[in-house]
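Report on the following structure.
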Amino acid sequence: MKTALKRILKPVLESVVGVLGPHERAARPARLWLLMYHRVLPDSDPRFVLEEPGMLLQPDTLERHIQELRREFELVSLREWVEHREQGRQLPPKACALTFDDGWADNYEYAFPVLRALSAPATVFAVAAKIGTDFKFWPNIVGTLLGSGQQAALAAHPLLSDSLTGTGGNADQVQIAQVISRLKVHSDLQLHAALEQIEWRKYLAPRASSDLMDWQQMREMRASGLVEIGSHTCTHSRLTRLTSQAELQHEIVESKHILESRLGSPIDLFCFPDGDYNAQALSLVREHYRASVTTRRGINSAAQVDLHQLRRIAMHDEMTSTRTRLRARLSGWI
Ligand SMILES: [Zn+2]
């Protein structure tokens, strides 16, 4: 009953907040809408079905987003907005910046052509020590194994088998997302170690392409003048799970050095993996970066914002594929 009612009320709610939300009101003071994207893949791509729905957006949707956003926002580069804010210069009343987390190869394949065609600026947050490697994020290893009927392989390790309840045969996107969410109680280090122990590589067909971009692709995106690169740590470890200052230092400071030396320019922006941080991590990020982004939902007011705890709005196909849904999402309320 509750679900049925929700299904009926949701479109009504979406239309109402889409019209009444803060993005519709006179813009005072200047504000920044920061949009958070992850993977950009068409549903015809074999990688699409193996990913959690909350991570996905189709290239056509991205194109529509940019066209729609331009009707009421000024699309800006996050770094430039931060610079202007630091220098006390005038900011657009309603600025909007696109951010892409993790540095997925599909961002180069599918998002970059859209950004270039529409001359839209964006920031990509890269996992510095994994660029150009065959690294797979643990949720993708788990998702690929479950999606190809290989749960027996996962069941061989107690840490992984505990989260497998309810999956049988080839798991679908929803089942995969449930297992991943249950596994998040463990640290990234524990999960990667467990997957190494079951020797996950032997269960998967070798793939021609890597999940993440390589340095050449990253340089090409930067050279377009549209894409800025920021750090998303060295290994994508959730920072609140790290136990020593040395580990934090490595993830936050070393990632900046790797990116700066390979790309040949300053790296000023940082993104917290999974949005997780504590006082220790935040203070180190403040010391080494001009600004950082979180996964806390909201719209940033230039007058009050803490540049190191910028809020974002997550964008994925399910929530933003129609104009009404996109507008509702931009309200920052749903
Ligand atoms: Zn990430």
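Numbering of ligands and ligand atoms starts at 1, following listing order.
- Backbone or side-chain N, O or S atoms of Asp274 do not reach the Zn ion (ligand 1) at under 2.8 Å.
- Using a 4.5 Å cut-off between side-chain heavy atoms of Ile, Leu, Val, Met, Phe, Trp and Tyr, with links allowed through other members, Leu115 and Phe73 fall into the same hydrophobic cluster.
- Looking only at side-chain heavy atoms (C-beta outward), His65 and Thr320 come within less than 4.5 Å of each other.
- Ring centers of Tyr289 and His308: at least 6.0 Å apart, outside the cut-off.
- With the Zn ion (ligand 1) as the vertex, NE2 (His232) and NE2 (His236) define an angle of 90°, rounded to 10°.
- If you look at Phe112 and Tyr110, their ring centroids are not closer than 6.0 Å.
- Per residue Asp102, closest N, O or S atom to the Zn ion (ligand 1): atom name OD1.
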